[in-house]
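Atoms within a ligand are numbered from 1 in the order they appear, just like the ligands themselves. Residue numbers start at 1 and run along the sequence shown. In what follows, every heavy atom counts, from backbone to side chain, and hydrogens, waters and symmetry copies are set aside.
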Amino acid sequence: MSPQEEKESPEKEFAGNTTLHGLNRIVIAPSGYFRVLWVFAILASYSGFSYMLSSMIMDYFSYDTITDTKLQFTDGLPFPAVTICNMNMFDAGKLTLVETSYLSPYLYRTQLDIPTLLAIGFNPDDTINSTIGNITLQDIVFQNGFDINPDRMSLCFWKNEACTYLNFTHSYTSFGNCYTFNSDKSNTLWQTMEGHGNGLMVFVDVRADQYTESYFSGGNSEIGLKLLVHDQDEPPMMETQGIALAPGSHAFIGVKRTVYENHVPPWGVCEDRQLEYYDTYTMNGCYLECRSKHVIANCSCRPFSLPGKAPLCDPGNTSTCVRTVLERVISGELKCDCPVPCSMIKYSTSVSYAGWPNRNTRDYITQLYGIDKDYMAENGVVFSVFYEQLNYQKIRELKAMDGGQLASNIGGMMGLFIGASLLTLLEVWEYLWQRLKGFLGKSTIRHPRVAEVQAEPDNKAESMHNATFYK
Ligand SMILES: *[C@@H]1O[C@H](CO)[C@@H](O)[C@H](O)[C@H]1NC(C)=O
Ligand SMILES: *[C@@H]1O[C@H](CO)[C@@H](O)[C@H](O)[C@H]1NC(C)=O
Ligand SMILES: *[C@@H]1O[C@H](CO)[C@@H](O)[C@H](O)[C@H]1NC(C)=O
Ligand SMILES: *[C@@H]1O[C@H](CO)[C@@H](O)[C@H](O)[C@H]1NC(C)=O
Ligand SMILES: *[C@@H]1O[C@H](CO)[C@@H](O)[C@H](O)[C@H]1NC(C)=O
Ligand SMILES: CC(=O)N[C@H]1CO[C@H](CO)[C@@H](O)[C@@H]1O
C-alpha cells in the first residue's frame with residue numbers, strides 16, 4: 001500500500017464530501033487543536049441527537065392523547081329523543097280476572113287461581129270460566145299497560161304546535177309500555193330558540209289509583225313518570241337511567257348536549273362493534289343485548305323488554321329466574337363487555353320544579369272535567385324539555401403526537417444537531433457500500449481487474465475532492 005492509496009481511503013473521501021456538518025471540518029482543520037475541538041463538538045452533537053431521537057420515539061410509542069374541549073354556539077340544535085314511562089306496568093282497571101290470575105306470580109309473588117281471587121275480593125267478570133290461552137306477557141302489557149291516549153295525555157305541545165300520541169313511538173322497557181317523542185333519526189325536530197317555551201311540554205295523568213305493583217312483591221313503590229332524554233340512536237334503558245317526576249308538579253328539564261369523539265387503540269379504548277339487534281353501536285344497546293344473553297342462557301326465555309329471538313318469559317319465570325339474573329347483571333356479578341363507542345352524543349339534564357296546578361287553574365280544570373279538587377295534585381305530571389342555551393360542548397380525544405409530527409420533530413433535531421436530511425442517509429449508504437465493496441475485494445483473491453475497477457472511482461473522487469476544497 002502506497003501512501004497515495006492511504007490518502008484516498010473512503011473514510012477521508014466521505015468525511016470530506018458529506019453534507020453532514022462538521023466531519024469535513026475535521027479533515028480540513030488548520031491545526032490539531034481545532035481538529036480535537038471539532039471531534040468533541042461532533043461527539044457531543046451526536047449524543048444529543050441520539051438522546052432526543054430516543055426520547056421522541058418513546059413519546060410517540062407511549063400513545064399519549066390530549067383532550068380538546070370546545071363550546072360551539074349555533075342557531076339551532078337537533079332535539080333529543082324523550083322517552084316517558086309510567087312507574088306501573090299494568091293498570092288495575094284494565095286487567096281481567098284471568099289475566100290477574102296469570103300475572104299473580106309477578107304481582108303478588110304467588111300463583112293465585114280465579115276462585116282464590118274471587119275469595120279475596122276481586123269482582124267477577126266474563127273471563128271467570130276461561131283460560132289464558134296462548135297470549136304472551138308482552139300482549140298483556142301492551143293492552144293493559146300505560147297508554148297516552150288523549151284522555152291520559154290531554155296536553156302536548158312542541159313549541160306552539162299541538163302533538164298527540166301519534167308523535168310518540170311505543171317501546172317495551174322494564175317499566176312496561178314507554179313512549180318516545182322525536183325518535184325518528186332521519187326527521188329530527190330542531191330547537192331554534194332557547195328557553196322552555198320552545199321545546200316540548202306535556203301533561204300526563206298517571207292514574208295513581210290504577211297502580212298494581214308493590215315494593216314487597218319486588219315491584220315499584222313510587223308514583224310518577226320516569227323520563228329519559230337520549231340520542232335517537234340509543235335505545236332507552238329506563239331502570240338505570242333517567243329522572244323521576246312526581247305528580248303535582250311541573251318539572252322544567254333543561255338539556256345540554258355533549259358530543260364525544262374518542263380514539264381507537266392504541267391511543268384510546270373506543271370500539272364500534274356490530275350489534276345484533278341495533279343498527280348503531282351504543283353502550284345502552286350493548287348492555288341490553290348482554291342482559292338478554294345472560295337471561296336467555298340461564299332461564300331459556302327472554303323478557304319482553306329485552307331484544308332477542310328466544311320465546312318470551314311467562315310471569316312465573318319473570319318473577320323468579322329473570323329477576324335474579326338481572327340483579328346479578330346490574331350488580332356486576334355477571335359481566336358485560338361493552339366498550340366505549342368512538343363517537344357518542346350525551347344529554348345532561350338539570351331539573352327544577354314548580355308546584356302544579358295553582359288554585360285558579362285547579363278550579364278551572366275541576367269544573368271542566370268534573371273531577372275531584374285534589375285529583376290533579378295526586379295524578380297530574382307536567383314537564384317541559386328544552387335547551388337552556390343553543391350551544392353544545394364537543395370533547396375530542398386527539399393524538400399527542402402523530403406520524404407527521406414525529407417526522408418533523410426528528411427532522412428538526414437532525415438539522416439542529418447533525419445537519420442531516422434524508423438525502424444524507426443516501427451518502428452514508430453510498431460510503432458503506434464502497435467500504436463493503438472494498439472489504440469484499442480485499443478478502444477475496446486480489447484480481448487485477450477488480451483493483452482496476454476499484455481504482456477508477458477513487459481517482460475520480462480524489463479529483464473531485466481537489467476541485468472542491470483546494471480550488
Ligand atoms: C261459569 O260457569 C258456571 C258453572 O260452570 C256458570 O254457572 C256460569 O254462568 C259461567 N259464567 C260465565 C260468565 O260464563
Ligand atoms: C294460539 O296460537 C296459534 C298460532 O300461534 C293460533 O293459531 C291460535 O289461534 C292461538 N290461540 C289462541 C287461543 O290465541
Ligand atoms: C305529529 O304528527 C302529525 C301527524 O303525523 C304531524 O303532522 C305533525 O307534524 C307531528 N308533530 C310533530 C311536532 O312532530
Ligand atoms: C343460573 O344461575 C344460577 C344461580 O343464580 C346458577 O347456579 C346456574 O348455574 C345458572 N345456570 C346457567 C345455565 O347459567
Ligand atoms: C490536486 O491538487 C494538487 C495541488 O493543487 C495537484 O498537485 C494535484 O495534481 C491534484 N490532484 C488531482 C488528482 O487533480
Ligand atoms: C321458574 C319457572 O317458572 N320456570 C318456567 C319457565 O318457563 C318454562 C316454559 O315456559 C317452564 O317450563 C318453567 O317451569
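- Listed by number with element, the atoms of ligand 3 under 4.0 angstrom from any heavy atom of Trp158 are 13 (C).
- Closest protein heavy atom to atom 12 (C) of ligand 3: Asn167 ND2, 3.3 Å.
- Side-chain contact, Ser186 with Asp184: a donor N or O sits under 3.5 Å from an acceptor N or O.
- Shown here, atom 5 (O) of ligand 3 is out of close reach of the protein: none of its heavy atoms lies under 4.0 Å off.
- Across the pair Cys299 and Cys313, the gap between the SG atoms, which is the quantity tested here, reaches or exceeds 2.5 Å.
- The list of ring-ring contact (aromatic ring centres under 6.0 Å, His included) pairs with a residue in residues 117-154, not counting sequence neighbours, reads Phe142-His170, Phe146-Tyr179.
- When hydrogens are left out, the protein atom nearest atom 9 (O) of ligand 3 is Glu161 OE2, 3.5 Å; that is the closest non-hydrogen contact.
- Here the two cysteines Cys286 and Cys336 have their SG atoms 2.5 angstrom or farther apart.
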